[in-house]
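Below you'll find the structure, written out as C-alpha coordinates, and then a few comments.
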Amino acid sequence: MFNLNDFPLPFRESDLVPYMSIDTVRLHHGKHLATYIANLNKLIAGTRYADMDLREIIVNSAGDDVAQKIFNNAAQVFNHEFFFNCLGRGNTAIPDIISDAFGGASEFKEKFKSVAGEVFGSGWVWMTYDNDKFEIFATKNADTPIAHGKTPILTLDLWEHAYYLDFQNRRSDFVDTFLDYLIDWKFVIDNLNM
Ligand code: MN
(Lines give C-alpha, C1' and ligand atoms only; values in the text may rest on other atoms or scores of the structure.)
Protein backbone atom coordinates (compact mmCIF):
# COMPACT_ATOMS: atom_id res chain seq x y z
CA MET A 1 0.00 0.00 0.00
CA PHE A 2 1.22 3.45 -0.89
CA ASN A 3 0.29 6.58 1.02
CA LEU A 4 0.40 10.26 0.07
CA ASN A 5 2.43 10.85 3.24
CA ASP A 6 5.21 8.78 1.67
CA PHE A 7 5.48 11.41 -1.07
CA PRO A 8 5.65 14.72 0.81
CA LEU A 9 6.22 18.02 -0.93
CA PRO A 10 9.83 19.16 -0.45
CA PHE A 11 8.63 22.78 -0.05
CA ARG A 12 5.71 24.65 1.50
CA GLU A 13 2.65 25.25 -0.67
CA SER A 14 3.36 29.00 -0.65
CA ASP A 15 7.07 28.75 -1.50
CA LEU A 16 6.61 28.83 -5.28
CA VAL A 17 4.32 31.90 -5.42
CA PRO A 18 4.11 33.87 -7.71
CA TYR A 19 5.54 31.35 -10.20
CA MET A 20 3.24 28.51 -9.15
CA SER A 21 0.14 29.24 -7.09
CA ILE A 22 -0.86 27.59 -3.83
CA ASP A 23 -4.03 26.34 -5.55
CA THR A 24 -2.01 24.63 -8.28
CA VAL A 25 0.34 22.96 -5.81
CA ARG A 26 -2.52 21.88 -3.55
CA LEU A 27 -4.61 20.46 -6.39
CA HIS A 28 -1.67 18.81 -8.11
CA HIS A 29 -0.24 17.11 -5.03
CA GLY A 30 -3.30 16.73 -2.82
CA LYS A 31 -5.76 15.64 -5.52
CA HIS A 32 -4.02 14.44 -8.68
CA LEU A 33 -1.12 12.58 -7.06
CA ALA A 34 -3.43 11.34 -4.30
CA THR A 35 -5.77 9.88 -6.93
CA TYR A 36 -2.96 8.06 -8.74
CA ILE A 37 -1.89 6.57 -5.40
CA ALA A 38 -5.46 5.50 -4.52
CA ASN A 39 -5.95 3.95 -7.97
CA LEU A 40 -2.63 2.13 -7.77
CA ASN A 41 -3.48 0.65 -4.37
CA LYS A 42 -6.82 -0.65 -5.70
CA LEU A 43 -5.26 -2.09 -8.85
CA ILE A 44 -2.37 -3.96 -7.21
CA ALA A 45 -4.36 -5.40 -4.28
CA GLY A 46 -4.14 -9.19 -4.43
CA THR A 47 -1.81 -9.21 -7.47
CA ARG A 48 1.87 -10.06 -7.87
CA TYR A 49 2.55 -6.34 -7.77
CA ALA A 50 1.19 -5.89 -4.24
CA ASP A 51 4.53 -6.46 -2.48
CA MET A 52 6.76 -4.65 -4.98
CA ASP A 53 8.23 -1.21 -4.50
CA LEU A 54 7.27 1.51 -6.96
CA ARG A 55 10.19 1.04 -9.36
CA GLU A 56 9.67 -2.72 -9.44
CA ILE A 57 5.99 -2.22 -10.30
CA ILE A 58 6.88 0.16 -13.13
CA VAL A 59 9.61 -2.01 -14.64
CA ASN A 60 7.56 -5.22 -14.37
CA SER A 61 4.30 -3.77 -15.74
CA ALA A 62 5.93 -1.82 -18.60
CA GLY A 63 4.90 -3.23 -21.95
CA ASP A 64 2.38 -5.65 -20.38
CA ASP A 65 -0.99 -4.83 -21.97
CA VAL A 66 -2.89 -6.56 -19.16
CA ALA A 67 -1.14 -4.40 -16.57
CA GLN A 68 -1.42 -1.12 -18.44
CA LYS A 69 -3.57 0.58 -15.79
CA ILE A 70 -1.12 -0.50 -13.11
CA PHE A 71 1.77 0.85 -15.17
CA ASN A 72 0.00 4.15 -15.82
CA ASN A 73 -0.82 4.82 -12.18
CA ALA A 74 2.52 3.61 -10.82
CA ALA A 75 4.45 5.66 -13.38
CA GLN A 76 2.36 8.74 -12.61
CA VAL A 77 3.14 8.34 -8.90
CA PHE A 78 6.87 8.13 -9.66
CA ASN A 79 6.75 10.97 -12.19
CA HIS A 80 4.92 13.30 -9.82
CA GLU A 81 7.19 12.64 -6.87
CA PHE A 82 10.15 13.29 -9.15
CA PHE A 83 8.56 16.46 -10.55
CA PHE A 84 7.79 17.94 -7.12
CA ASN A 85 11.37 17.20 -6.06
CA CYS A 86 12.59 19.17 -9.09
CA LEU A 87 10.81 22.31 -7.86
CA GLY A 88 12.15 24.92 -5.46
CA ARG A 89 13.17 28.54 -5.15
CA GLY A 90 16.62 28.23 -3.55
CA ASN A 91 18.86 26.95 -6.36
CA THR A 92 17.55 28.30 -9.67
CA ALA A 93 20.84 29.18 -11.40
CA ILE A 94 21.73 26.74 -14.19
CA PRO A 95 24.90 24.89 -13.13
CA ASP A 96 28.00 25.05 -15.34
CA ILE A 97 27.93 21.31 -16.01
CA ILE A 98 24.53 21.74 -17.70
CA SER A 99 25.26 24.89 -19.66
CA ASP A 100 28.63 23.44 -20.73
CA ALA A 101 26.96 20.25 -21.98
CA PHE A 102 24.54 22.19 -24.16
CA GLY A 103 26.86 24.95 -25.33
CA GLY A 104 25.38 27.60 -23.05
CA ALA A 105 22.53 28.26 -20.64
CA SER A 106 20.32 29.77 -23.31
CA GLU A 107 21.07 26.84 -25.65
CA PHE A 108 19.99 24.46 -22.90
CA LYS A 109 16.75 26.41 -22.44
CA GLU A 110 16.06 26.54 -26.17
CA LYS A 111 16.55 22.77 -26.48
CA PHE A 112 14.24 22.10 -23.52
CA LYS A 113 11.62 24.53 -24.87
CA SER A 114 11.75 23.04 -28.33
CA VAL A 115 11.17 19.50 -26.97
CA ALA A 116 8.33 20.83 -24.78
CA GLY A 117 6.81 22.60 -27.76
CA GLU A 118 6.56 19.31 -29.67
CA VAL A 119 4.47 17.63 -26.95
CA PHE A 120 0.92 17.13 -28.26
CA GLY A 121 -1.58 16.32 -25.53
CA SER A 122 -0.45 15.08 -22.13
CA GLY A 123 3.14 14.20 -21.40
CA TRP A 124 6.41 14.95 -19.69
CA VAL A 125 9.71 16.54 -20.67
CA TRP A 126 12.78 14.82 -19.22
CA MET A 127 16.48 15.33 -18.96
CA THR A 128 18.34 12.06 -18.37
CA TYR A 129 21.99 11.30 -17.75
CA ASP A 130 23.44 7.97 -18.84
CA ASN A 131 26.87 6.95 -20.15
CA ASP A 132 28.22 10.48 -19.55
CA LYS A 133 25.53 11.89 -21.82
CA PHE A 134 22.69 14.31 -21.14
CA GLU A 135 19.51 13.78 -23.15
CA ILE A 136 16.33 15.86 -23.33
CA PHE A 137 13.20 14.16 -24.66
CA ALA A 138 9.48 13.89 -24.04
CA THR A 139 7.32 10.96 -23.01
CA LYS A 140 3.60 10.60 -23.70
CA ASN A 141 0.92 10.23 -21.04
CA ALA A 142 2.40 8.35 -18.05
CA ASP A 143 5.48 6.95 -19.78
CA THR A 144 8.68 7.36 -17.80
CA PRO A 145 12.44 7.00 -18.48
CA ILE A 146 12.90 4.36 -15.78
CA ALA A 147 10.73 2.01 -17.87
CA HIS A 148 13.38 2.35 -20.60
CA GLY A 149 16.48 1.92 -18.47
CA LYS A 150 17.28 5.63 -18.46
CA THR A 151 18.20 7.76 -15.45
CA PRO A 152 16.04 10.87 -15.01
CA ILE A 153 17.61 13.96 -13.48
CA LEU A 154 14.94 16.60 -14.30
CA THR A 155 11.32 16.56 -15.41
CA LEU A 156 8.50 18.94 -16.27
CA ASP A 157 4.86 17.88 -16.08
CA LEU A 158 3.07 19.08 -19.20
CA TRP A 159 -0.36 17.68 -18.41
CA GLU A 160 -2.89 20.54 -18.43
CA HIS A 161 -3.57 20.14 -14.71
CA ALA A 162 0.04 21.18 -14.04
CA TYR A 163 -0.43 24.72 -15.34
CA TYR A 164 -4.01 25.51 -16.35
CA LEU A 165 -5.02 27.38 -13.18
CA ASP A 166 -2.00 29.67 -13.47
CA PHE A 167 -1.37 29.93 -17.21
CA GLN A 168 -4.59 28.76 -18.92
CA ASN A 169 -3.70 28.02 -22.56
CA ARG A 170 -0.26 29.68 -22.33
CA ARG A 171 1.71 26.47 -21.92
CA SER A 172 4.94 27.94 -23.29
CA ASP A 173 4.83 30.62 -20.56
CA PHE A 174 4.65 27.81 -18.02
CA VAL A 175 7.71 26.18 -19.61
CA ASP A 176 9.61 29.51 -19.53
CA THR A 177 8.63 30.10 -15.89
CA PHE A 178 9.75 26.59 -14.94
CA LEU A 179 13.13 27.07 -16.59
CA ASP A 180 13.73 30.55 -15.18
CA TYR A 181 12.31 30.34 -11.66
CA LEU A 182 11.17 26.91 -10.51
CA ILE A 183 13.94 24.34 -10.97
CA ASP A 184 15.84 23.19 -7.90
CA TRP A 185 19.15 22.57 -9.63
CA LYS A 186 20.63 21.08 -6.47
CA PHE A 187 18.18 18.18 -6.77
CA VAL A 188 19.08 17.79 -10.46
CA ILE A 189 22.80 17.69 -9.79
CA ASP A 190 22.34 15.30 -6.86
CA ASN A 191 20.76 12.88 -9.35
CA LEU A 192 23.93 12.73 -11.45
CA ASN A 193 25.65 10.32 -9.05
CA MET A 194 28.99 11.12 -10.61
MN1 MN B 1 0.57 16.14 -12.97
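It should be emphasised that the depicted structure is a prediction, and the values quoted were computed from it without experimental measurement. Numbering of ligands and ligand atoms starts at 1, following listing order.
- Applying ring-ring contact (aromatic ring centres under 6.0 Å, His included) to H28 and the options W159, Y164, Y163, F83 leaves one that passes, F83.
- The distance from atom CZ of F187 to atom CG of D190, rounded to the nearest 0.5 Å, is 8.0 Å.
- In this structure, Y36 and H161 have tilted ring planes: the angle between them lies in the 30° to 60° band.
- At a threshold of 2.8 Å, the Mn ion (ligand 1) has a backbone or side-chain N, O or S atom of H28 nearer than that distance.
- Looking at H80 and the Mn ion (ligand 1) together, the shortest N, O or S contact belongs to NE2.
- Minimum-distance N/O/S atom of D157 relative to the Mn ion (ligand 1): OD2.
- Annotation: cation-pi geometry satisfied between K150 and F137 (NZ/CZ under 6.0 angstrom from ring centroid, within 45° of ring axis).
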